Each structure stands twice: as C-alpha cells, then as structure tokens.
Amino acid sequence: MSTLNDQVVDLVFGLAHLSVDIPFTNYSLPVLDVLFALLINYSYRSALGVSHNQVGWYQGLLATLVMATGGGCTVSVLRGEPFGILKSNEFWGIHCSTYVAMFSNPYVYQLVDLLINIPVVEHAFTLSDSILRTLAMVQVGIEGVNSNPNLGTDKLVAKIICGTLAGCGGGLWIDAFRLNQPNWSFSTPRLLHIASIDMKISLATSLFYIGTTTPAFVEYLSLPLLKAEEAQAWSVIMLTSGLVYGSYTNKLAKRTKALQELKEKSLDEKSE
C-alpha cells in the first residue's frame, strides 16, 4: 500500500512529466512548459496594456525571457555557470513560438484571457508555474550548490540565497529595470523595501527543502528525513499554496481599492 509521501511524489512528478504526442512526429510536447510560456507572455502582454504596440519585438522577447528564467540565470551568474536555457533547444522553441503567437495575433491573447478567467484553468496555470519554479529552485538553486565543487553540501547560506533567487529572481529584475513598461529605466526594486509574496514563499520553500533533507537538522528536531523526491514534491505543494494565497490576496486588494475609489467618487459628486 502506497504512503501519502508516495502519492504526492507520483502526483507531482506525473504532472511534471506530462506530455502530449504531436501527430506525425516523434516529438512529445511538455504540457507544463507550454502552459508556463503562455502564462509568462500573457502576463507581460497584460502588464503593457494598450502600450504593447510601442514595444519592439526584440525588446519584448528579452523581457519575457527575463520573466521566465531571470531567477535561474541570476544563480548561474553568481556561481559562474552557463545559463541553463542555453542547454535546451526545446525551451527556445516553445517560448519563442508562444511569444510570436501572443504578439502577432490579438485573438491568441483574447483566447488566453478568456480561459485564464475561468477559476479551474487559472489554477492549472498557477500549478504549472509552481511546479516548474519549485524544481528550478531545488534542482538548479539548492542542489546546484551541492554539486558545485567550489561550494559543497555544507554551504547553507549559499543554498538559501540560490534557492530563493531561483524562485523570485525574475521578478527582481523586472521590478529593477521596469521591464514590463515600454520604456526601461533603473530604480531600486520595491522588493528590497517590502518583500512580495513570491519572495516570502520562495524563501520559505527553500528553507523547507533544505531543512527536511539535512540529516543534522531533522535529527536535532526529531523529524523524519525526507528523500530528495519527497522533499521536492512537498515543496511544490507548499509553493503552490503560497501562490494561490497570493493570487486571492491581490484580487481582494484590487477589489477593495476599486470599491474605495468608487465610494470616494460618489462622495465627491454628492458634495458638488
């Protein structure tokens, strides 16, 4: 009989490896990668709003690349390693084709906008983001420190920094250079003043994975030591919960702000 840990591992990695065969070819399309590419390009297109026509093709492509891989690339720079995206032809094919489709045809954006406003579909996009982000945090960020000959398994601070940056580094660069605006400019990232939900949950998830896979830590707290796959699967659950919470919090804040503005407008009209 399978345990809860086994069921969570099977579910998470089953979704992570989910693919669809393309007819008449020997190629399988990874579902989560496609959903993630759609989410990134849709988010960028939505952030630009009516200004999307002012953005050049190369400018927009670079911005979406930073949104998608800024965290992992930042970690690679810190450790002096080649960017992971340079090792994957599949990433470039999926991301570039999605970017071209989103910005060359208004109906693609409208279709994704329609779908993403359906709660179940929205959660599917969030799940794709959380699974891929967690695996990047763990496999590239934390385990990358373990496998780096200049660092090693005892560098806990390096693991925390690399794991957290792999989860929220893209947002840090977007915020610092205003890459989601037509005209880029540098300013102090707001994340350095007030930590966002993404930064908080990335840090918490990194600490959770490090803690549950470090023998000395679990022995000190008398907790069970998790295998790498088990810790990764539970980390996905943790990050997903945080992202869903953040999504509902943002929606509630926007709704409250809209109601407050409407109330103020109504009071102004009465006073006149």
Side-chain angles (χ1 to χ4, degrees), residues 2 4-21 28-47 64 67-72 84-85 88 90-91 94-95 98-99 101-102 108-109 111-142 163-164 166-171 174 196-206 208-209 212 226 228-252:
S2 62
L4 178 60
N5 280 342
D6 294 333
Q7 293 174 4
V8 173
V9 169
D10 290 341
L11 174 62
V12 169
F13 284 94
L15 291 172
H17 298 139
L18 183 64
S19 60
V20 175
D21 294 332
S28 295
L29 199 63
V31 174
L32 293 191
D33 291 76
V34 174
L35 290 177
F36 180 67
L38 285 170
L39 178 62
I40 289 294
N41 285 279
Y42 169 79
S43 299
Y44 178 61
R45 173 73 167 72
S46 298
T64 54
M67 290 177 69
T69 67
I85 58 175
S88 174
E90 183 179 78
F91 167 82
I94 292 174
H95 187 87
T98 305
Y99 171 73
M102 186 70 69
V108 174
Y109 173 77
L111 176 60
V112 176
D113 183 60
L114 177 66
L115 292 174
I116 210 167
N117 283 302
I118 302 173
V120 174
V121 178
E122 181 187 8
H123 292 326
F125 279 104
T126 302
L127 184 61
S128 70
D129 179 20
S130 61
I131 291 177
L132 295 180
R133 192 188 304 196
T134 304
L135 294 181
M137 290 168 56
V138 171
Q139 297 174 0
V140 177
I142 299 171
T164 304
C168 66
I174 290 291
S196 66
I197 290 292
D198 277 14
M199 181 178 284
K200 291 176 181 177
I201 194 60
S202 295
L203 174 60
T205 303
S206 297
F208 171 80
Y209 180 83
T212 55
L226 296 181
E229 281 193 343
E230 294 173 344
Q232 289 178 31
W234 283 108
S235 296
V236 168
I237 300 298
M238 185 174 184
L239 187 69
T240 302
S241 302
L243 292 180
V244 171
Y245 168 78
S247 175
Y248 280 110
T249 301
N250 289 335
K251 287 181 180 179
L252 181 60

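These figures come from a predicted structure and were not determined experimentally. For the single chain, residues carry numbers from 1 onward in sequence order.
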- prompt: When you look at Phe125 and Val121, which way does the side chain to side chain contact (heavy atoms under 4.5 Å, CB included) test go after all the steps?
  reply: CA-CA 6 Å; Phe125 279 104; Val121 178; 3.5 Å; yes
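- Side-chain contact between Leu4 and Gln7: present, with at least one pair of heavy atoms (C-beta onward) separated by less than 4.5 Å.
- Under the 4.5 Å side-chain criterion, counting only non-hydrogen atoms from C-beta, Leu39 is in contact with Ile116.
- Taking every heavy atom of both residues into account, Ser128 and Phe36 meet most closely at OG-N, 3.8 Å.
- The two residues Ile197 and Gly242 have their closest heavy-atom pair at CG2-O, 3.7 Å.
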message: Using side chain to side chain contact (heavy atoms under 4.5 Å, CB included), reason through Asp129 and Thr240 one step at a time and then give a plain yes or no.
response: CA-CA 8 Å; Asp129 179 20; Thr240 302; over 6 Å; no
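- Contact detail for Ser206 and Met137: the closest heavy-atom pair is OG-CE, 3.4 Å.
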- request: Might you work through the side chain to side chain contact (heavy atoms under 4.5 Å, CB included) test for Leu29 and Ser19, ending with a clear yes or no?
  value: CA-CA 5 Å; Leu29 199 63; Ser19 60; 5.9 Å; no
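- Shortest non-hydrogen contact noted between Ile131 and Val12 is CD1-O, 4.3 Å.
- The side-chain heavy atoms of Met102 and Leu38, taken from C-beta on, include a pair separated by under 4.5 Å.
- Residues Ile201 and Asp198 come closest through the heavy atom pair CG2-O, 3.4 Å.
- Looking at Val112 and Arg45, their side chains never come closer than 4.5 Å, going by heavy atoms from C-beta outward.
- Side-chain contact between Val20 and Val31 is present, with at least one heavy-atom pair separated by less than 4.5 Å.
- Distance check: Glu229 CD to Asp10 CG gives 9.0 Å after rounding to the nearest 0.5 Å.
- A side-chain donor-acceptor contact under 3.5 Å links Ser130 to the backbone of Leu127.
- Taking CG from Leu132 and OG1 from Thr69, the interatomic distance works out to 12.5 Å, rounded to the nearest 0.5 Å.
- Aromatic ring orientation, His95 versus Phe91: parallel (interplanar angle below 30°, classes split at 30° and 60°).
- Taking CG from Leu32 and NE2 from His17, the interatomic distance works out to 9.5 Å, rounded to the nearest 0.5 Å.
- Considering all non-hydrogen atoms of both residues, Gly167 and Arg133 come closest at O-CD, 3.1 Å.
- Here the SG-CD1 distance, from Cys168 to Ile174, works out to 13.0 Å after rounding to the nearest 0.5 Å.
- Screening Thr134, Thr212, Asn5, Thr205 for a side chain to side chain donor-acceptor pair (under 3.5 Å) involving Trp234 leaves a single residue, Asn5.
- Two residues are said to be in side-chain contact when any heavy atoms from C-beta on lie closer than 4.5 Å; Val8 and Ile237 meet this criterion.
- Note that the CE atom of Met199 and the OG1 atom of Thr164 stand 8.5 Å from one another [nearest 0.5 Å].
- For residues 29-44, every residue pair satisfying the side-chain hydrogen bond (donor to acceptor under 3.5 Å, both in side chains) rule, not counting sequence neighbours, is listed here: Tyr42-Asp113.
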